[in-house]
Amino acid sequence: MPTERFQFPSSEGHKLAAALDTPDGEIRSYALFAHCFTCGKDVLAAKRIAVALAAKGIAVLRFDFTGLGSSEGDFANSTFSSNVADLVGAANHLRETRKAPDLLIGHSLGGAAMLAAAAQIPEAKAIATIAAPSDPAHVTHLLKDQVENIREQGEVEVSLAGRPFRIKREFLDDIAEQNLLAQVAKLHKALLIMHAPTEDTVGIENATKLFIAAKHPKSFVSLADADHLLSDKRDTTYAADVIAAWSERYIGQAVLGPAIDLTEVPRHTVVRETRDSKFQQIVTTGPHRLLADEPVAVGGEDSGPGPYDLVLAGLGACTSMTMRMYADRKALPLDRVTVTLTHSKIYAKDCAECETREGMLDQIDRVIKIEGPSLDADQRKRLMEIADKCPVHRTLTSEVRIVTKAAD
């Protein structure tokens, strides 16, 4: 399977080293993988599972957390919360460059971090954890008798898996403040918990707590005699097979529905609450997805454009496209069109040309910048006239009938 290697910025501005394992053929969906504590993106379990999933049409992004592997930064300055922020940053990078992940996978403490990050990745529909602790503070048992020294001295070098790492008091304080089970209870996403009953690093009771806390749909799969790091290739192959088969119900075509004819007019736009914040919505139009939200000032989290922003975006896009079509058809030397729009409310009495004389009216101010030094005055005038002929403009300025009914 091809592997693309690149870097993206962490929440603190460090460059994080990443690897994207992609299928040889069509990509069915994207997944984000979080590795175990002090491991890296190239740990055998992460690499083998990513490659196996890529063979099944799922592209997998794995990366080194701050200060680990080939990533910049100091591991001593990282915390569980900063790891969660880096996972959200990785999902944002995928969203901006490819497509947001609809499948999240986490191994060990990476599983706990992925569960904590899931609410901030609204496109994700399914989460799979492998040997994940139910409480991030579980990792303190790896520090053994150094915990008190870390609290007293502020920073201590400890040996983990035979390698030295510096751990700060801030790390201990951060994991102590986490309430992962409460977050799991509010996931509203499909969850697969994979765990070995004979685990001696993260006990099976952690899987039990996670399963009880989660709401349906949830599943548990035993990894039989696997060790914590899934060092046996048969275990990673089995884990990948199970994740791929289980996730088909929730991701890819199972989420998007039947194949969509992109030439079909009109095509459906579906808006659904994410329930991750008060107003946040996931908007799906054909194969395209984006978030909608309200500004913080009115109770939202500003995670996406507001409803009126989307209306303005539709008008602006239609305006620019209509002008481009006309310019190309007439062979006009138009270089670029930029449309800037704002929405406001005005008093009807202040609008001399409006039929409504009382109350408030909606007003959209549209400023069009036409770039093309070879355009003459008549051509520019005609392009401005064409702007008012865009279909969305006509819709907004004509009588519109909206038929509303309850879904069956």
Side-chain angles (χ1 to χ4, degrees), residues 4-20 32-47 50 61-94 96-97 104-118 120-121 131-133 135-180 201-202 228-229:
E4 177 186 343
R5 296 187 180 273
F6 54 88
Q7 294 178 322
F8 67 91
S10 73
S11 58
E12 301 296 327
H14 301 300
K15 291 182 179 179
L16 303 184
L20 180 65
L32 178 61
F33 192 105
H35 59 71
C36 52
F37 185 51
T38 73
C39 298
K41 68 180 182 305
D42 295 317
V43 67
L44 282 178
K47 188 173 183 178
L61 174 64
R62 48 193 169 93
F63 69 96
D64 295 324
F65 285 114
T66 299
L68 292 174
S70 301
S71 288
E72 295 179 347
D74 186 351
F75 176 80
N77 293 327
S78 66
T79 62
F80 182 80
S81 293
S82 70
N83 285 349
V84 170
D86 287 345
L87 285 171
V88 175
N92 290 340
H93 181 81
L94 269 181
E96 293 167 1
T97 59
L104 308 178
I105 307 168
H107 179 205
S108 190
L109 189 64
M114 196 63 88
L115 290 169
Q120 300 178 63
I121 309 174
D135 182 353
H138 181 274
V139 300
T140 56
H141 86 281
L142 297 175
L143 307 176
K144 300 179 180 178
D145 56 352
Q146 294 288 352
V147 172
E148 290 304 317
N149 292 335
I150 296 171
R151 293 200 177 280
E152 292 175 4
Q153 301 176 33
E155 181 177 351
V156 171
E157 183 177 287
V158 300
S159 178
L160 298 172
R163 293 182 295 157
F165 292 92
R166 298 200 70 79
I167 304 293
K168 288 186 176 181
R169 183 189 299 118
E170 288 79 4
F171 176 84
L172 298 180
D173 293 341
D174 183 70
I175 58 176
E177 293 174 356
Q178 305 299 321
N179 188 354
L180 186 63
T201 301
V202 179
H228 183 69
L229 294 178

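Between atom CG of residue Leu229 and atom OG1 of residue Thr201 there is a gap of 7.0 Å, rounded to the nearest 0.5 Å. One distance of note links NZ of Lys47 with NZ of Lys41; it measures 9.5 Å at 0.5 Å rounding. Atom CD1 of Ile167 sits about 7.0 Å away from atom OG of Ser78, to the nearest 0.5 Å. In this structure, Leu172 CG and Thr79 OG1 are separated by 11.0 Å, a value rounded to the nearest 0.5 Å. Going from atom CG of Leu61 over to atom CZ of Phe6 covers 5.0 Å, rounded to the nearest 0.5 Å. A distance of 12.0 Å separates CG of Leu68 from CG of Asp42, quoted to the nearest 0.5 Å.
Of all the heavy atoms in Gln7 and His93, the pair that sits closest is O-CE1, 4.4 Å. Shortest non-hydrogen contact noted between Ala112 and Pro133 is CB-O, 3.9 Å. In plain terms, the two heavy atoms of Ile121 and Ala91 that are nearest each other are CD1-CB, 3.7 Å. Annotation for Ala117 and Leu87: closest pair CB-CB, 4.1 Å, computed over non-hydrogen atoms. The minimum heavy-atom distance between Ser70 and Asp64, with the atom names listed, is N-OD2, 2.9 Å. The two residues Ala50 and Arg62 have their closest heavy-atom pair at CB-NE, 3.7 Å.
Surrounding NZ of Lys168 are more than 12 heavy atoms belonging to other residues, nucleotides or ligands, all under 6.0 Å away. Heavy atoms from other residues, nucleotides or ligands lying under 6.0 Å from CD of Glu12 number 12 at most.
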| query | His228 and Val202: side-chain contact (heavy atoms from CB on, under 4.5 Å), yes or no, with the steps? | reply | CA-CA 8 Å; His228 183 69; Val202 179; 3.5 Å; yes

| field | side-chain contact (heavy atoms from CB on, under 4.5 Å) assessment of Val84 paired with Gln120 | value | CA-CA 9 Å; Val84 170; Gln120 300 178 63; 4.1 Å; yes

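Between the side chain of Glu4 and the backbone N or O of Leu20 there is no donor-acceptor pair closer than 3.5 Å. No donor-acceptor pair closer than 3.5 Å links the side chain of Arg5 to the backbone N or O of Ala19.
Between the side chains of Ser71 and His14, no donor N or O sits under 3.5 Å from an acceptor N or O. Thr66 and Asp86 share a side-chain donor-acceptor pair at under 3.5 Å.
Between Phe65 and His35, the distance from one ring center to the other falls under 6.0 angstrom.
The shortest distance between side-chain heavy atoms of Arg166 and Asp74 does not fall below 4.5 Å.
The aromatic rings of Phe8 and Phe63 sit perpendicular to each other, their planes meeting at more than 60°, with 30° as the lower class boundary.
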